[in-house]
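Take a look at the structure below.
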Amino acid sequence: MRELLLVYGTVAMYAVMTVTLIYFTILFFSYKGIYAMIKGASYSRFRSLSGSESAPPVSMIVPAYNEALTIIDNVKSLLTLNYHTYEVIVVNDGSKDDTIQVLIEAFGLVPKEDETIRYAIDCTQVRHVYHNPAYPNLYVVDKPNGGKADSLNAGINLSHYPLICSIDADSLLEKDALIRMARVYMENPAETVAIGGNVRIANGCTIRDGVVAEVRLPKKLWPMMQTLEYMKAFLGGRIGWSHINGLIIVSGAFGMFRKDAVVDVGGYRDGYPGEDMNIIIKLHRQMLDLKKPYRVAYCPDAVCWTQAPDTYRILSSQRKRWGRGNLKNMLENRDLLFRPKYKVFGLLTVPYNILFETLNPYFKLTGLLALIGYVALDMTQWPVLLTFAGINFLSGYLLAIGSLVLEQLAFRRYPRMKDLVKMTVFSALMFLGYYQLGVLWRFQGHIEFLRKNNSWGVMTRQSWNQESSAAVNQTQ
Amino acid sequence: MGIDTRPEPTRWHERMYQAVLERYWKQGEGSGSEELREPASGEAATEPFGLLLVRFNPTDDETMRRVVTRIRDELELEPEPAGALSAIYDPAGRQAALLLFGFTRSRTHYAALMAKRMLLELAPGPFALLAAEAGAQPERDPLFFERLADRFAAQPEQSGLTVWNEPDPADESTGQSLLLVDGDEDMRRFLRQRFSRKGYRVLDAGDGPEGLRLFREMKPDVVVTDLNVAGIDGYHLLTLLQEEDPEARSKIVVFTDIRTEDAVRRCLGLGADDYLTRPFSPVELEERIEKLLA
Amino acid sequence: MHSNLQIAYGFIGVLAGIILLGLIVLYSLKLRDVRRRRAEERCSAKHGDWLDYVFAHLDGEDPLYPPPEPLQGAENRLVLDRLIAWIEQFRGEPREKLIALCERMGFAERELKRLDSPLQWVKLDAAYRLGCLRAHEAVPRMLELLGRMRSGPLVFIVARAIAKCARDSGELREMAHLLLAHKKEAEPLIADILLESPLDYTAMLQTFLRSGDPERIRLALAAMRKVGPAGSGDRLFELTRSEHAAIRRQAAKLLLRDCASLAEARIRRLLGHADPEIRAEAVQAAGGLRRREYAGLLRASMNDPDWQVRMNSAFALAKLGEEGLAVLRDAADRGAEAQAEAARAALRESGRRREAGSLRRGADWVPVRSV
């Protein structure tokens with residue numbers, strides 16, 4: 001029995017080491033890829049490019065469900081981006097609060113009769129399209145509730161431009177975020193099917209007039225942990241994955257797609273969370289099946305600020321949802337696993353995701369438990385446990401440091417020295433419970449999946465003003 | 001020239017004026033006349049003329065003269081030989097004026113930079129330096145020098161370098177008013193300097209709502225606005241400006257990076273009177289504004 | 001077991017070592033950043049007066065002189081960046097004066113030396129700056145650099161620099177060829193890069209248009225959107241029959257933009273083109289001409305199988321005044337459902353326009369409450 005525990009624990013340890021090596025490889029690719037991305041961006045004159053005829057027009061689609069509190073600020077901010085031609089399509093997904101009334105009143109919208117929606121993708125029938133010629137770039141779609149994916153599909157059906165951008169209703173885009181993404185597209189329009197943006201946590205930042213005026217680390221614990229988590233995932237992970245064209249997810253909070261590619265794969269899959277990962281998997285699969293050269297790119301300098309959940313309840317609900325979606329996506333696409341036909345995506349990305357994102361928590365947890373059991377049976381062997389914990393901690397911490405170095409090299413958003421100190425300290429503190437909670441939430445998500453739970457859980461929308469010290473200016 | 005029977009001027013600004021007169025006489029043809037010659041109509045204005053006023057704490061008069069002479073010598077030679085310079089000392093001490101005959105505005109400004117550097121080197125301690133350009137025909141305007149001296153006296157001791165432009169824009173109440181709405185602070189400063197010099201009364205706003213507020217309060221004659229302004233959609237701003245001003249008393253010039261035909265059409269449809277893209281030529285912007293206001 | 005543990009210890013040791021290294025790198029980067037920012041502030045304070053001088057005298061005949069106190073070390077880069085920002089904002093005399101100032105300060109020379117560096121990032125930096133400084137001497141070396149670079153975002157930096165510096169269209173042509181060789185279909189971006197050049201390259205575009213190569217044709221079409229078709233009407237018309245959808249649609253759009261000078265026969269051909277998008281464009285352009293003679297054709301276009309063509313025809317008829325409106329009312333009452341739908345939409349729209357038309361504002365103006 002003791003031997004069994006030990007062997008299992010040892011296997012788990014080797015598994016951790018392997019995962020670590022893969023993480024490092026991806027981190028290495030992040031460093032490799034960041035150079036071209038950042039240089040390309042730093043020498044581009046975005047103000048000038050955003051006014052150029054050659055920048056393609058973009059449709060921004062904002063699914064909204066019970067967003068009455070923040071939707072006006074969000075739409076106002078979206079309407080003032082530095083870009084010459086784009087439209088904002090807000091899709092009211094049968095909200096129970098007065099989201100649609102708030103919009104109609106604020107912008108003086110009236111139903112538009114001569115707008116015919118061609119249902120290129122199946123979605124719930126739209127009730128009305130609202131518009132006001134004084135705001136020619138704004139459309140509001142009212143439809144019965146159908147979920148986020150369904151709303152996105154409805155927005156795609158209405159959109160008039162060849163590029164679409166999916167935005168969350170609480171995303172705050174930087175003024176040049178759109179032109180930065182568009183530049184990545186313009187450099188390779190034929191092959192680029194999707195571009196992911198960088199999502200940063202805005203808790204603790206000062207927001208004025210829909211713009212993040214001062215960047216600060218969050219004061220509360222949960223958002224702080226998430227800031228570091230996002231940094232590790234986006235900078236340390238996504239840049240590297242996109243460099244080898246194995247990116248599996250483009251954040252739903254800010255992602256750009258070629259409309260024809262999305263329509264070809266049948267739009268977003270609705271009825272279940274995780275549609276943002278799902279659409280990317282579908283795009284990879286489609287392009288690899290058709291053997292067409294393509295890329296799913298990532299634009300780390302296009303920034304979208306979002307409000308992170310700051311209570312346990314909302315955060316855990318979000319993570320459980322992600323866990324559910326993740327498991328469903330992996331199960332649905334397990335046929336891509338280890339198939340050479342699917343190149344990097346099939347040979348590296350999907351196995352990595354299945355084995356190490358979805359299942360790794362179990363390995364680690366059970367390995368830990370096995371070793372605890374082993375040590376409990378023979379106390380003289382406590383170094384084994386310590387070693388296991390040590391490897392876990394150090395490899396995770398090294399990745400965190402790696403992504404902090406990337407941040408410092410390329411972006412430098414947090415200018416103060418004390419912010420850096422706080423980040424290095426908290427990166428270590430996260431191992432004292434936050435990651436373990438993450439494992440727990442993912443596990444709960446998997447259980448919910450198996451129980452066929454299909455709800456979106458708890459989401460309380462808070463006003464943007466919550467943590468900012470300066471009041472948001474109102475235009476007269 | 002006859003014997004100069006007037007008493008030696010005792011005030012600093014009078015001395016300056018005296019030196020200017022002497023220069024003016026020297027420049028004229030002929031000799032012997034003590035009166036001012038009336039310039040014939042159509043005669044070209046006198047040569048450009050700048051002034052540098054210096055004040056610092058020399059240990060004695062000798063030091064003062066030494067420093068000022070060195071500065072004068074340097075300015076005559078660098079960066080190119082030019083003009084003729086006179087040093088006029090304040091009888092009350094501590095102050096000197098360098099009259100830079102033949103120096104254009106920009107050359108005067110550059111001379112001030114050189115002087116500043118030399119003062120830092122030669123006369124450590126607080127100093128005040130004022131660069132100014134005389135208006136046309138300074139020989140006819142003795143009060144200008146008095147104003148200048150007063151202005152300089154009001155300048156604090158450690159103020160370093162200041163540049164004075166006449167006419168003082170704040171006094172100008174007859175010129176036309178111009179509102180700038182642009183998020184770029186440097187560009188606003190540039191345009192403000194430029195248009196103030198041309199005689200416009202310039203208001204500037206860094207974002208849309210501020211621009212709108214200024215428009216409502218001041219009702220400027222011309223609005224020069226960007227489309228990518230903070231706080232409000234550029235086209236919406238045009239709509240609101242139109243709403244504020246239904247008879248189109250104010251002229252609106254859109255001045256922006258956006259170069260698509262669509263945008264031009266939209267702006268003109270929303271009541272803009274002209275559209276200028278960046279990169280731009282400041283002369284062109286001026287001409288277009290003048291044409292609109294004519 | 002023991003050996004496993006040894007491996008684990010080794011692993012831990014390596015990890016700890018790298019972490020330590022990482023932390024050192026991290027904090028030294030941060031310190032460097034803090035120092036750099038302070039240096040910037042010091043530079044601004046020290047040379048602020050001189051920069052004000054440059055700013056204030058961008059116009060006028062006098063040249064601009066370098067600062068009385070020469071720049072040292074990192075100040076060169078900071079000042080050059082400020083000056084470049086202004087060079088890019090202005091056109092005409094201010095730009096020339098600033099470039100002359102940079103020349104006088106030796107910036108162009110320094111960057112030319114850096115262009116020969118073996119390090120790629122230094123070369124790129126130098127190329128970018130030389131581009132902004134419009135330094136023609138750098139073009140041959142930049143073209144060589146462009147030829148050697150692999151595909152990626154960085155090639156466009158060098159290409160843009162070449163476009164800014166080029167003094168004859170042969171250099172532009174070579175740059176365009178090198179970019180097109182990457183086969184990324186980035187023609188709109190290349191067209192934008194060409195616009196950076198002050199040269200007149202319409203001859204080059206016409207050559208590209210006449211070539212048989214779809215990439216060159218697409219580039220010419222994209223560039224002509226800004227500089228105009230420049231007498232290539234015949235070739236454009238030929239291209240509307242191309243098998244590549246993008247090419248024929250672009251060519252049709254270009255032709256129709258200048259509709260008034262287009263021969264009637266050609267307009268008719270385009271109205272009856274096989275591609276529905278081209279038909280839709282043609283209908284819209286024909287409507288813009290507001291010529292009575294087209295009323296019949298537009299009426300016929302309302303029977304088109306494509307929805308967009310029908311809508312455009314209806315709206316075009318609405319612009320033709322009473323005659324057109326009569327046709328529309330007729331179609332709304334007696335036409336087939338598809339026609340009637342389009343006719344009704346156009347009638348509604350024209351009614352709204354007439355209401356708003358009496359005011360000075362554009363027809364799209366709607367009283368709006370400030371948000």
Side-chain angles (χ1 to χ4, degrees), chain A residues 6 10 13-14 17 20 35-37 39-41 43-45 48-49 52-56 72 76 105-108 110 113-114 116 118 132-136 183-184 186-191 383-384 387-388 390-391 394-395 397-398 401-402 404-405 408-409 412 415 417 420 424 474-476, chain C residues 1 4-5 7-9 11-12 15-16 18-19 22-23 25-27 29-31 33-34 37 88 121 124-125 127-128 151-157 160-161 182-192 195 222 225-226 307 311 341 344-346 348-349 363-371:
Chain A
L6 183 63
T10 317
M13 203 153 66
Y14 275 111
M17 286 198 252
T20 308
Y35 169 71
M37 289 182 198
K39 281 296 175 201
Y43 294 131
S44 297
R45 306 205 64 87
S48 175
L49 197 59
S52 163
E53 196 89 55
S54 62
I72 300 296
K76 264 165 53 181
E105 205 189 294
F107 293 103
V110 290
E113 281 136 27
D114 54 356
T116 307
R118 264 83 73 68
N132 177 353
Y135 298 93
R183 180 203 126 236
V184 173
M186 283 197 279
E187 288 174 351
N188 194 347
E191 292 178 9
V384 175
T387 317
F388 185 73
I391 289 187
L394 287 177
S395 60
Y397 194 60
L398 181 51
I401 298 293
L404 285 177
V405 171
Q408 189 55 38
L409 265 179
R412 294 186 280 268
M417 180 60 97
L420 182 61
T424 42
Q474 305 288 319
T475 50
Q476 299 92 322
Chain C
M1 173 53 224
N4 285 333
L5 216 54
I7 294 178
Y9 287 157
F11 203 70
I12 288 182
L15 284 179
I18 303 181
I19 286 179
L23 282 170
V25 166
L26 184 60
Y27 280 90
L29 280 176
K30 187 67 168 193
L31 282 171
D33 195 44
V34 168
R37 249 179 297 133
E88 292 295 309
W121 66 268
L124 266 178
D125 199 51
Y128 169 72
S151 184
L154 306 172
V155 299
F156 297 103
I157 302 172
R160 209 173 269 273
H182 291 294
K183 296 220 180 286
K184 295 291 180 196
E185 288 188 33
E187 288 88 23
L189 186 56
I190 304 177
D192 186 68
L195 281 172
R225 277 168 75 184
K226 253 325 206 213
W307 176 82
M311 287 299 266
E341 172 204 352
R344 278 195 293 267
R348 260 197 311 266
E349 181 66 25
D364 286 341
W365 191 89
V366 164
V368 88
R369 197 161 55 78
S370 304
V371 178

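We name chains A, B, ... by the order of the sequence lines, and we start the count at 1 in each one. Nothing here was measured: the structure is a model prediction, and the numbers come from that model.
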Exercise. Are A/E191 and C/K184 close enough for a salt bridge, meaning some N to O gap below 4.0 Å?
Worked result: yes
Heavy atoms only, distances under 4.5 angstrom: which of [options] has the most pairs with chain C? Name it, please.
| options | answer |
| --- | --- |
| A/T424, A/L49, A/T20, A/N188 | A/N188 |
| A/R45, A/M186, A/E53 | A/R45 |
| A/I401, A/L398, A/V184 | A/L398 |

Exercise. Between A/Y14 and chain C, which part of the residue has a heavy atom less than 4.5 Å away: side chain, backbone, both or neither?
Worked result: side chain
Seminar exercise, completed: If one checks every heavy atom of A/M13 against chain C at 4.5 Å, the contacting part turns out to be side chain
Problem set entry | Listed partners of A/P189 passing side chain to side chain contact (heavy atoms under 4.5 Å, CB included), at least two apart |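 Scan of A/P189 (side chain to side chain contact (heavy atoms under 4.5 Å, CB included), adjacent residues dropped) gives A/Y185, C/A186.
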Problem set entry | side chain to side chain contact (heavy atoms under 4.5 Å, CB included) partners for C/L154, two or more places apart |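 Partners of C/L154 under the side chain to side chain contact (heavy atoms under 4.5 Å, CB included) test: A/Y35, A/A36, A/K39, C/Q120, C/L124, C/M149, C/I157.
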Less than 4.5 Å to any heavy atom of chain A: does that hold for the side chain of [X], its backbone, both, or neither?
| X | result |
| --- | --- |
| C/W121 | both |
| C/K226 | side chain |
| C/E88 | side chain |

Exercise. So C/W307 and A/R118, side-chain contact (heavy atoms from CB on, under 4.5 Å) or not? Walk me through it.
Worked result: CA-CA 10 Å; C/W307 176 82; A/R118 264 83 73 68; 3.9 Å; yes
Between atom [atom1] of [X] and atom [atom2] of [Y], what is the distance when rounded to the nearest 0.5 Å?
| X | Y | atom1 | atom2 | answer |
| --- | --- | --- | --- | --- |
| A/M417 | C/Y27 | CE | OH | 7.0 Å |
| C/F11 | A/S395 | CZ | OG | 7.0 Å |
| A/L420 | C/L26 | CG | CG | 4.5 Å |
| A/L404 | C/L29 | CG | CG | 11.5 Å |

Problem set entry | Leading residue by heavy atom contact count with chain A [cutoff under 4.5 Å; candidates C/I190, C/D125, C/L195] |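 Answer, by heavy-atom pair count under 4.5 Å with chain A: C/D125.
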For this session: Pick whichever of C/S151, C/A8, C/G152 has the most heavy-atom pairs under 4.5 Å with chain A.
Result: C/A8
Exercise. Under the 3.5 angstrom rule, does the side chain of C/R37 hit a backbone N or O of A/P415 as a donor-acceptor pair?
Worked result: yes
Exercise. Mind checking whether A/Y43 and C/R160 have side chains closer than 4.5 Å, heavy atoms only?
Worked result: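 No, too far: nothing below the 4.5 Å cut-off.
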Exercise. Looking only at heavy atoms, which two atoms of C/P188 and A/S54 are closest? And how far apart?
Worked result: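 That closest heavy-atom pairing would be O-CB, 3.1 Å.
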